[in-house]
Amino acid sequence: MSNICAGIGRGQMTIADEHIAHHRHVQALYEELLKDVKGIKMHTAPSPEYDSNFWLCTATLDPELRIKGQENAYKKVITGAVGGAAGVTHTVESATTECQPNDNVEALRMALDAAGIESRPLWKPMHKQPVYKDAPSYVNGVSESLFKVGICLPAGPWVTDTHIHYIVDQIKKCIILNS
């Protein structure tokens with residue numbers, strides 16, 4: 001580890017407890033505000049024996065959940081670097097791949113983006129990343145199934161309760177009722 005990285009890490013340790021408390025608060029607020037929303041489930045710790053820092057606040061969408069604009073998911077190639085490393089992108093000819101989130105996840109991500117909210121699908125499983133396409137992998141299908149239905153919601157230290165209420169309101173507006 002370089003001296004610069006060590007210095008940054010040491011500085012972050014002085015506020016780690018504060019950041020973890022904030023992330024747990026954000027997670028609890030998402031859970032409370034989304035608990036009665038049919039088809040959306042916040043990822044939670046499986047039992048009190050687990051101690052998550054909730055650095056990511058993730059939700060899964062029931063495959064049957066319908067989102068406004070879902071019919072337009074994957075119709076357009078995204079040109080930004082959402083989730084890209086250092087803004088690195090590459091040219092593609094199709095907006096779809098053989099391993100991608102469900103249409104409702106993409107539609108929700110697009111609707112949130114239009115409302116000024118950055119979200120992203122769960123990370124694509126490593127064995128599906130182009131750089132690892134020929135590498136050995138030991139999988140059971142769980143990572144692919146979660147990638148298809150999962151979305152990461154904003155949770156950083158700058159996210160306020162007001163932001164979370166706005167995000168949840170936008171999510172609720174996107175859902176087609178009686179689906």
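All of these numbers come straight from a predicted model, not from anything done at the bench.
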Report task. Starting from the C-alpha separation in whole Å, work towards a yes-or-no answer on side chain to side chain donor-acceptor pair (under 3.5 Å) for Asp161 and His25. Result -> CA-CA 9 Å; Asp161 289 9; His25 169 76; 2.7 Å; yes

Requested in this report: Go through Leu29 and Val168 one step at a time and tell me if the side-chain contact (heavy atoms from CB on, under 4.5 Å) criterion holds.
Outcome: CA-CA 10 Å; Leu29 189 52; Val168 170; over 6 Å; no

Report task. For Leu33 and Ile171, run side-chain contact (heavy atoms from CB on, under 4.5 Å): C-alpha distance rounded to whole Å, both residues' side-chain angles, the deciding distance at 0.1 Å, then the answer. Result -> CA-CA 11 Å; Leu33 296 174; Ile171 290 171; over 6 Å; no

Query raised in the report: So Leu122 and Ile151, side-chain contact (heavy atoms from CB on, under 4.5 Å) or not? Walk me through it.
Result: CA-CA 5 Å; Leu122 295 183; Ile151 191 165; over 6 Å; no

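Checking side-chain atoms of Lys124 against main-chain N and O of Phe147 turns up no donor-acceptor pair under 3.5 Å. Panel note: side chain Gln27, backbone His43; a donor-acceptor pair is recorded below 3.5 Å. Judged purely by atom type and a 3.5 angstrom limit, Asp103 has no side-chain atom pairing as donor or acceptor with the backbone of Ala73. At distances below 3.5 Å, at least one donor-acceptor pair connects side-chain atoms of Tyr166 with backbone N or O atoms of Ala115. A distance-only check finds no donor-acceptor pair linking the side chain of His127 to the backbone of Pro136 [under 3.5 Å]. For Asp62 (side chain) and Glu64 (main-chain N/O), a donor-acceptor pair under 3.5 Å exists by modelled atom type.
Distance check: Lys173 NZ to Lys68 NZ gives 9.0 Å after rounding to the nearest 0.5 Å. Separation of atoms SG (Cys174) and CG (Leu108) is listed at 5.5 Å; rounding is to 0.5 Å. Separating the NZ atom in Lys148 from the OG1 atom in Thr60 is a distance of 14.5 Å, to the nearest 0.5 Å. The line from NZ of Lys41 to OG1 of Thr58 is 9.5 Å long, rounded to the nearest 0.5 Å. Atom CD of residue Gln70 and atom CE of residue Met110 lie 10.5 Å apart, to the nearest 0.5 angstrom. Atoms SG and CD1, from Cys57 and Ile167 in turn, are 9.5 Å apart once rounded to the nearest 0.5 Å.
A pairwise comparison of heavy atoms in Thr44 and Glu31 identifies CG2-OE2, 3.2 Å as the closest pair. Closest non-hydrogen pair, His22 versus Val159, comes out as CE1-O, 2.9 Å.
Linking Ile, Leu, Val, Met, Phe, Trp and Tyr residues whenever their side-chain heavy atoms come within less than 4.5 Å leaves Ile8 and Met1 in two separate clusters. Leu56 and Val149 end up in different hydrophobic clusters when Ile, Leu, Val, Met, Phe, Trp and Tyr side chains are linked at under 4.5 Å. By the rule that hydrophobic residues join a cluster once side-chain heavy atoms approach within less than 4.5 Å of another member, Ile117 and Leu61 end up as members of one cluster. Leu34 and Ile67 end up in the same hydrophobic cluster when Ile, Leu, Val, Met, Phe, Trp and Tyr side chains are linked at under 4.5 Å.
Using a 4.5 Å cut-off on side-chain heavy atoms (C-beta onward), Leu65 and Asn102 make no contact. His19 has its side chain out of reach of Asn53: every pair of non-hydrogen atoms, C-beta onward, lies at least 4.5 Å apart. The side-chain heavy atoms of Ser137 and Met126, taken from C-beta on, include no pair separated by under 4.5 Å.
For the ring-ring contact (aromatic ring centres under 6.0 Å, His included) with His23, the lone residue among Tyr30, Phe54, Trp55, Trp158 that qualifies is Trp55.
At a cut-off of 3.5 Å, with distance as the only test, no side-chain donor of Thr162 or His165 sits close to an acceptor on the other residue.
Between Arg24 and Asp51 there is a salt bridge, since a side-chain N of the basic residue sits under 4.0 Å from a carboxylate O of the acidic one.
Residue Glu18 qualifies as open at atom CD: its count of foreign heavy atoms under 6.0 Å is 12 or below.
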